[in-house]
Each structure stands twice: as structure tokens, then as C-alpha cells.
Amino acid sequence: MTGALLIRPSRDDDVAAITTIYGHHVLHGVASFEEVPPDEAEMARRRAEIVGRGFPHVVAERGGKVVGYCYAGPYRARVGYRFSVEDSIYIEPGEVGRGIGRALLAEIIERSTELGYRQMIAVIGGSETLPSIRLHAALGFSHIGVFTGSGFKFGRWIDSVYMQRPLGPGASALPG
């Protein structure tokens with residue numbers, strides 16, 4: 001697909017495309033450890049939860065079609081983690097490798113920084129998922145560690161790769 005890439009906040013009418021994109025990754029990849037794709041109503045509920053809590057949730061659109069989405073959500077529920085977020089990013093399969101992931105993640109990093117978050121955590125399914133690992137590294141994430149065989153999907157054990165980057169002053173200053 002050709003045309004200019006537009007990164008914008010997601011809308012309710014994007015949920016069908018988001019559901020399709022995520023469903024592909026559930027069925028064919030290890031970015032998600034889910035095994036059954038959620039339906040559109042569940043994806044709408046998840047999006048509404050993120051947006052309703054003030055977290056950034058954006059889509060990439062090209063030629064009027066949503067070709068990827070990305071959001072930041074809570075890293076953990078406990079109050080002590082309130083300045084840390086976890087990113088999630090999914091790209092339409094035919095659009096992988098065209099800079100969409102970089103554009104989406106850069107936007108989420110910027111918006112999360114503006115909202116006052118101090119750390120962004122990436123939990124990447126599969127040590128072999130080099131495109132995602134490289135994308136995060138290119139945008140300033142450091143490799144933190146690997147939880148070996150922490151997931152099980154497609155009849156095999158899957159690692160979880162942890163990466164992290166500071167936002168704004170990170171941990172060098174107390175929150176304002």
C-alpha cells in the first residue's frame with residue numbers, strides 16, 4: 001500500500017481493523033501469548049480501558065486504512081509502578097518492515113513522556129523476534145533480561161525478552 005503514513009489517536013471506528021491485526025498476531029506469532037483471538041467487543045473494551053485511564057493509544061493509517069496500532073498501558077497494577085508504562089505494538093502483516101513500527105513507537109514514547117511517565121518497559125515474546133528487539137533498541141531501549149521459557153504456545157516454550165528505556169529524566173530526578 002502506498003501513500004503518506006498518518007499517526008493519530010485511535011477512534012472507536014478503528015476497533016474492527018485493530019481486532020483483525022491483533023487476531024493475526026495471536027494466531028501466527030508470539031508477540032501475544034493469547035491463543036484465541038478476542039472478538040471485536042473485547043478489543044473495544046480493552047481499548048476503552050486504556051483510553052479511559054488516559055494512556056496513549058494510536059494507529060497508523062495509510063490510504064485511509066489502519067495498518068498498525070500501538071499503545072502504552074500500566075506496567076503493573078501496584079501504586080509504586082505508577083510512573084512506568086508498558087508498550088504494545090502490532091502491525092498489519094503485509095506492512096511489516098516499512099517503518100510503521102518505528103513511527104508508532106516513537107509517538108507513544110513522546111506522548112508517554114509528555115504525560116509524565118518515567119520508564120517504558122517492553123515485554124517481547126520470543127528471543128527470536130529480532131525485528132521487535134531491534135526496533136526497541138533503535139529507539140533507546142536497553143536489554144534488561146530474558147525470562148527463559150516463561151510462555152508456552154504453538155507446542156513450544158517461548159522466552160519473554162525485557163527491554164526498558166527512560167522517559168524524560170527517568171530515575172535521575174524525583175517526580176514533580
Side-chain angles (χ1 to χ4, degrees), residues 1-15 17-22 24-25 29-32 43 46-76 81-145 160-173 175-176:
M1 183 176 285
T2 59
L5 189 65
L6 171 67
I7 307 297
R8 61 166 175 78
S10 66
R11 303 183 300 243
D12 290 345
D13 62 350
D14 296 323
V15 173
I18 289 169
T19 302
T20 299
I21 291 167
Y22 184 69
H24 172 85
H25 289 280
V30 295
S32 168
M43 291 300 288
R46 292 179 188 185
R47 180 187 162 276
E49 165 101 8
I50 292 293
V51 172
R53 292 180 63 185
F55 291 104
H57 194 294
V58 299
V59 297
E61 181 182 300
R62 180 177 284 145
K65 180 181 179 192
V66 172
V67 294
Y69 71 101
C70 185
Y71 62 91
Y75 169 64
R76 295 274 190 265
Y81 294 110
R82 69 188 172 278
F83 294 104
S84 297
V85 291
E86 180 179 338
D87 74 275
S88 293
I89 182 167
Y90 296 94
I91 308 300
E92 184 178 288
E95 294 285 339
V96 172
R98 297 183 179 172
I100 296 168
R102 178 182 286 266
L104 283 166
L105 186 53
E107 182 72 15
I108 288 298
I109 290 167
E110 182 179 329
R111 288 179 185 223
S112 295
T113 302
E114 290 169 357
L115 289 168
Y117 294 104
R118 294 296 190 87
Q119 301 292 328
M120 184 171 284
I121 312 295
V123 181
I124 301 167
S127 292
E128 73 282 3
T129 313
L130 296 178
S132 185
I133 293 168
R134 288 180 184 135
L135 168 64
H136 283 83
L139 290 175
F141 286 74
S142 297
H143 182 85
I144 300 303
S160 293
V161 177
Y162 278 68
M163 298 182 78
Q164 178 180 356
R165 71 156 283 156
L167 302 174
S172 69

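Since we're looking at a predicted model, the values are computed, not measured.
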Looking at every heavy atom in both [X] and [Y], which two are closest together, and how far apart are they?
| X | Y | value |
| --- | --- | --- |
| V58 | E107 | CG1-CG, 4.2 Å |
| I21 | E92 | CG2-N, 3.9 Å |
| V85 | S112 | CG2-OG, 4.1 Å |
| R118 | G176 | NH2-N, 4.1 Å |
| G3 | R62 | O-NE, 3.0 Å |
| Y162 | V123 | CE2-CG2, 3.5 Å |

State, yes or no, whether a side-chain contact exists between [X] and [Y] at a heavy-atom distance under 4.5 Å.
| X | Y | value |
| --- | --- | --- |
| I108 | M120 | yes |
| I144 | I121 | no |
| E128 | V30 | yes |
| Y81 | Q119 | no |
| V66 | R8 | yes |
| P131 | V96 | no |
| L139 | I109 | yes |
| P74 | E49 | no |

Interatomic spacing from [atom1] in [X] to [atom2] in [Y] - rounded to 0.5 Å:
| X | Y | atom1 | atom2 | answer |
| --- | --- | --- | --- | --- |
| T129 | L135 | OG1 | CG | 12.0 Å |
| M43 | T20 | CE | OG1 | 9.5 Å |
| S132 | I89 | OG | CD1 | 7.5 Å |
| I100 | L105 | CD1 | CG | 13.5 Å |
| I133 | F141 | CD1 | CZ | 12.5 Å |
| I124 | R134 | CD1 | CZ | 12.0 Å |

Exercise for the section: Show your working on side chain to side chain contact (heavy atoms under 4.5 Å, CB included) between V67 and L5 and close with a plain yes or no. Expected result: CA-CA 9 Å; V67 294; L5 189 65; 4.1 Å; yes
Exercise for the section: Step by step, work out the side chain to side chain contact (heavy atoms under 4.5 Å, CB included) result for R47 and D12. Expected result: CA-CA 9 Å; R47 180 187 162 276; D12 290 345; 2.9 Å; yes
Exercise for the section: Begin with the C-alpha distance, continue with both residues' side-chain angles, and end with the deciding distance and a verdict on salt bridge (charged side-chain N to carboxylate O under 4.0 Å, His left out) for D87 and R165. Expected result: CA-CA 11 Å; D87 74 275; R165 71 156 283 156; over 6 Å; no
Give the ring-plane orientation class for [X] versus [Y], where under 30° counts as parallel, over 60° as perpendicular and anything between as tilted.
| X | Y | answer |
| --- | --- | --- |
| Y117 | F55 | parallel |
| Y90 | Y22 | perpendicular |
| H57 | Y71 | parallel |

